[in-house]
Amino acid sequence: MPLSYEEIISHESQGNPAEGLRRLVLRGSVAATARPGQFLHVRVSDRLEPLLRRPLSIASIDRTRGEVTLLYRVRGRGTETLARKRSGERLDVLGPLGNGFSIPEKGELWLVAGGIGIFPLYALARAGLAAGLKVHLFWGGESRNFLQSAGLAEWQDLGIPLHLSTMDGSLGDKGTVMLPLGKAEDPRSAANRLSGQPLPALSVAVCGPRGMMQAVAELGSARGWRVEVSLEERMACGVGACLGCSVTVRDERGRLTNRKVCQDGPVFPGKEVVWNGAR
Amino acid sequence: MPLSYEEIISHESQGNPAEGLRRLVLRGSVAATARPGQFLHVRVSDRLEPLLRRPLSIASIDRTRGEVTLLYRVRGRGTETLARKRSGERLDVLGPLGNGFSIPEKGELWLVAGGIGIFPLYALARAGLAAGLKVHLFWGGESRNFLQSAGLAEWQDLGIPLHLSTMDGSLGDKGTVMLPLGKAEDPRSAANRLSGQPLPALSVAVCGPRGMMQAVAELGSARGWRVEVSLEERMACGVGACLGCSVTVRDERGRLTNRKVCQDGPVFPGKEVVWNGAR
Amino acid sequence: MARDKGAAGGAEIDLGVRLTGLELKNPVIAASGTYGFGREYDLYCPVETWGGIAVKGITPEPRLGNPVPRLAETPAGVLNAVGLENPGLEEFLKSYLPRLADLPTAVIVNISGFSVEDYALLARSLGREKGIAALEVNISCPNVRHGGLQFGTDPGSAEEVVAAVRRETDLPVIAKLSPNVTDIRELARAVERGGADIISLINTLVGMSIDVEEKRPVLGNVFGGLSGPAVRPVAVRMVWEVYQAVDLPIIGMGGITCWQDAVEFMLAGADAVSIGSGNFVNPLVPSEVLAGLESYCRRHGFSSVRELTGLAQSKS
Amino acid sequence: MARDKGAAGGAEIDLGVRLTGLELKNPVIAASGTYGFGREYDLYCPVETWGGIAVKGITPEPRLGNPVPRLAETPAGVLNAVGLENPGLEEFLKSYLPRLADLPTAVIVNISGFSVEDYALLARSLGREKGIAALEVNISCPNVRHGGLQFGTDPGSAEEVVAAVRRETDLPVIAKLSPNVTDIRELARAVERGGADIISLINTLVGMSIDVEEKRPVLGNVFGGLSGPAVRPVAVRMVWEVYQAVDLPIIGMGGITCWQDAVEFMLAGADAVSIGSGNFVNPLVPSEVLAGLESYCRRHGFSSVRELTGLAQSKS
Ligand SMILES: Cc1cc2nc3c(=O)[nH]c(=O)nc-3n(C[C@H](O)[C@H](O)[C@H](O)COP(=O)(O)OP(=O)(O)OC[C@H]3O[C@@H](n4cnc5c(N)ncnc54)[C@H](O)[C@@H]3O)c2cc1C
Ligand SMILES: Cc1cc2nc3c(=O)[nH]c(=O)nc-3n(C[C@H](O)[C@H](O)[C@H](O)COP(=O)(O)OP(=O)(O)OC[C@H]3O[C@@H](n4cnc5c(N)ncnc54)[C@H](O)[C@@H]3O)c2cc1C
Ligand SMILES: Cc1cc2nc3c(=O)[nH]c(=O)nc-3n(C[C@H](O)[C@H](O)[C@H](O)COP(=O)(O)O)c2cc1C
Ligand SMILES: Cc1cc2nc3c(=O)[nH]c(=O)nc-3n(C[C@H](O)[C@H](O)[C@H](O)COP(=O)(O)O)c2cc1C
Ligand code: FES
Ligand code: FES
């Protein structure tokens, strides 16, 4: 998609202000072609500092209104500067960029999120539901407060099974998302062991901290799930031209080779990623 | 005066938008001590580009409301960035800085302005009138349109004699401000030659392009006027610490020495300035 | 100046430039390593916009490059430590060059090596191919034979490398200088002696940044190359110095993000300019620069961009 | 790291630093040439905030400096060509030093010359005075005897100048390095041989900028020195390299505008830091940096800022 100057429809802090989360709704040409898991490369300022664009996932897509929503956490100078943009202003974005998640033809779609890794999964949940899939969400965060700030209510509105965990135990299991995930897959595998019947195909989409994505990918490959992970890497160009966002993968023939997170990703089959490739 | 975060009371384009002139009204601690001819060193952004503060003269001072007005022309990245600030925001300023114009005890006060050199003279006109002086304005600009954009109506409201010129002849004399100035000083000098009587002391405050200030200073020294000129130089610190804004002057003993526009100026006695010192 | 009076009026501005053996329809070139293999930005900027494109540096063998993070943003700048990731000569010839050769712009192949023989090999092999407009010799790589010091920081090695390339090809040879030197003029004279046709500069300044919360360097490689607007004053100064030191045409780069920056390099002495990091910020920058160059020429009464080269030198 | 667990709790953080012979109550120093003679910023920042201040470079004779414009802004940077305007040694001793000696902070006198004898003369004369905490030898001036090349770019000259100063004074000698060199480690080793007690770096990078409408250099002097955030990645890299090359304490500078920047320099290897251009932007920067340093130490469990020095080196 060509460069687009999207109109900012709304731009607000979301949830507890201490979490620093913002919701940005854009109207323009992006919505027409955006797919879940793709991202926009956003120019946060027309001054020269901060200089580079910042990649932000497309959190939800409303084709009828021509709108996409981005959800982000204010971290450093880039997102701080972006946070000052007001509705009515235009935002210079490249995108939609990247490949996005695949939406399976049938079977179950499990979404596994750590922290703000939840953001790109919402659009996928809706697409999955629209495709008639059975969708589950597994989501771990710091606290109830965080989950609520990061959009729990909207997930509840989807009416899908939510399997939650928090580090402080204030909601769901106490610990990482691997706990509820384990609980759900255990009976499933057990049933499978008992019956010997092949289970309905399970597709798992993961977004969160690297270690957590690795754990899910490894579990998934043991269980024969079709796992896709959404990787993050620092980006300059966003279109495959600078080789700044390389990730090492094992290709079909088992050889190590490089892919670009921006162009070949950000979504990769979990089994391809060489997890110790990065520090 | 310590660093101050002045509140932006209003910030608007003034006159014909094509002239790129802006009026910025600030409320805070500056007004209490500001004098005509002083300036503020304004941080236009808290990002690192543009980096340096920009010096802007105090155009008018309202002590009762605690407000000062700055008038400026959008030229480059600094003023462009400043122009985006909106009322209600705070502006980080150093100042009031510099020495300001002197206000004579008695006699006449002639103000001579070229282009946007008019801006610092308005506060001086008001101070002169308040001190009971007879004030004249000589002002040259591109065109009627420019003079009107740059605040002619407010000057007319002061009720003082205005001697105008424009390069395109659309208002006043056609040419530079030296024309109306010559016309006014001619009969004065002639009367003096005839009567042999000393004329009432004449103080002249000048602000505008360098060549024009030099011409007025040279005319003034021939005529025995007390001329003060307001110099401009690129500034970094604004407080005398970096030696970036040096101007060469001839001291009392006729020796060449350096002064700092920010700290020792921006107002200097016309006769001290070494006009060919800068390129 | 009479020129300023607008002699060229509304006439067409001649944007073409001729650098010894390298003719470009306009003086704006995509900088090596920032524009992939020419097609990545297709959706944003038609490749024919460019006077030329310099492709990512090629080495004899394929390279996976450095560990991530490979990028860090600094004030008005970018640090990169890609580490010359590239498909290697063989794969380049097989899978990349055929598509490049068809591009409607001049294709410059940037070559890198860790020994003089590496460069010679690349030149020998690429020098025979169709569809290459020039070779750009990146001498900012560590010289493994000489304790890792860059070829590009030692005049003797720089000359040797350029001479080795020169011997192997009839293509125009562009020597790309590293700014990490005490005296850039010395290096410029060295590559002139080595037989370079054209000089391009600057490559990146060596820099680093540290993640204070993690207490370790941000880049996987510790050091990286600084580019972007931050380095422009250094780059313009070096173009100015090289213009005075040698008679070769110059491709100037370092921090160009708008037409004013491009004009600045040309007035300092550049015959053409390259844009690298600026593409990351705004992929429309080449067309904006070209439009700006044209109207600048018109406004100042130049009928050809070639008139700009070195013009500020006479006014200092 | 166990340290990270917050061992120091809410305890006082020791901000004091000891650089061979130079004890500072805190590691934050005003950089020479950006802080006049110490009092200009009084209204904004009490001078006792600083661990030390380095005054404007002094030469034997008074100098009027370069023609204006002396300043140009560049992206996240400043170019200056003040040209060492200063009152000269005699006037400095008579009118400036007495007031400086009373300041409630360590006063470092920065000295500059155009020959080895200039430096020796300055050291001899200043070395006898009370109220000076250290001499900082600015070797970034052109060496008039050697065709204008900077003392600071040639290891031999750098060593000679520092040795000459060393012979004339018992004050701690700080050698201030120029970044305009191929290998900063060589220069660091040279001034160590010359007898420097402390190394400070970086001075400014040589740069220039051109006014495209006027078609001439912006600065009256054509070239200027680049400072400010733009140069920080280069400065941090050089501190890192010098830390590995020599055993002397380091004062790091170049583009510091906030506490994170100061921590970055210390983690790279600096024992103290200087702030120059940052003062122009925000005169409160020294107190903000100190407050940030303290809370950083507290958060990461350091009880003294001295623990930060070079810490990132072990993690790369
Ligand atoms: C494909 C993709 C999609 C993303 N989607 C979202 C999203 O929907 N919502 C959201 O809040 N964040 C998202 N991120 C992360 C987001 O891009 C970074 O948080 C942002 O760029 C930080 O910029 P900054 O200037 O605020 O912080 P900086 O000051 O630049 O950096 C702060 C810290 O953020 C990390 N960081 C910086 N740049 C990146 C980067 N490009 N990718 C990952 N981490 C980075 C680094 O650890 C750094 O120390 C996404 C990243 C990628 C690559
Ligand atoms: C004491 C003083 C008082 C001033 N008062 C006013 C005022 O009341 N209203 C107003 O419109 N302008 C005033 N100026 C000029 C104003 O500071 C500059 O126009 C402004 O700094 C330009 O910044 P910029 O980033 O927009 O332009 P830049 O892109 O920085 O420069 C554009 C051009 O402006 C000129 N310029 C840049 N900086 C300065 C500077 N510090 N002084 C003079 N010229 C400069 C240069 O010729 C440059 O080419 C004053 C300057 C001084 C020194
Ligand atoms: C990500 C990246 C990769 C680069 N790779 C190369 C390269 O392979 N060969 C080369 O000669 N220069 C390379 N460069 C340097 C650029 O071609 C250019 O010289 C430098 O970035 C300065 O220009 P800029 O400021 O416009 O980016 C690279 C620069 C960047 C930012
Ligand atoms: C206006 C100005 C004047 C300077 N004068 C001197 C000087 O006289 N002697 C010196 O050693 N360094 C001088 N410097 C260099 C600074 O001390 C410092 O090394 C450099 O600016 C980098 O630090 P910064 O980025 O924090 O400014 C000067 C710098 C500036 C900006
Ligand atoms: S960000 Fe440039 S290749 Fe991915
Ligand atoms: S601007 Fe620094 S001394 Fe005047």
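Chain letters run A, B, ... following the sequence lines, proteins first and then strands; every chain starts at 1. Because only heavy atoms are used, hydrogens play no part in the values below, and waters and symmetry mates are left out as well, while side chains stay in.
Contact between A268(C) and I210(D) at its shortest, heavy atoms only, is CB-CD1, 3.6 Å.
Within the 4.5 angstrom heavy-atom criterion, atoms from both the backbone and the side chain of L267(D) approach chain C.
Of the residues considered (T257(C), V231(C), V234(C)), V234(C) shows the highest number of contacts with chain D, using heavy-atom pairs under 4.5 Å. With chain D as partner, the option from N180(C), D261(C), V263(C), T74(C) having the largest number of non-hydrogen pairs under 4.5 angstrom is N180(C). For chain D, the option among V206(C), L205(C), D154(C) with the highest count of heavy-atom pairs below 4.5 Å is V206(C). For chain C, the option among P233(D), G255(D), A230(D) with the highest count of heavy-atom pairs below 4.5 Å is P233(D).
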Please report the C-alpha distance between S303(C) and D14(C) in whole Å, then the side-chain angles of each, then the deciding distance to 0.1 Å, and finally whether the side chain to side chain contact (heavy atoms under 4.5 Å, CB included) criterion is met.
CA-CA 6 Å; S303(C) 55; D14(C) 180 359; over 6 Å; no
Test log, rule side chain to side chain contact (heavy atoms under 4.5 Å, CB included), inputs M266(D) and V273(D):
CA-CA 8 Å; M266(D) 296 190 73; V273(D) 296; 4.0 Å; yes
Steps toward side chain to side chain contact (heavy atoms under 4.5 Å, CB included) verdict (R232(C), F265(C)):
CA-CA 9 Å; R232(C) 204 176 72 232; F265(C) 274 94; 3.7 Å; yes
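Separation of atoms OG (S178(D)) and CG (L201(D)) is listed at 10.0 Å; rounding is to 0.5 Å.
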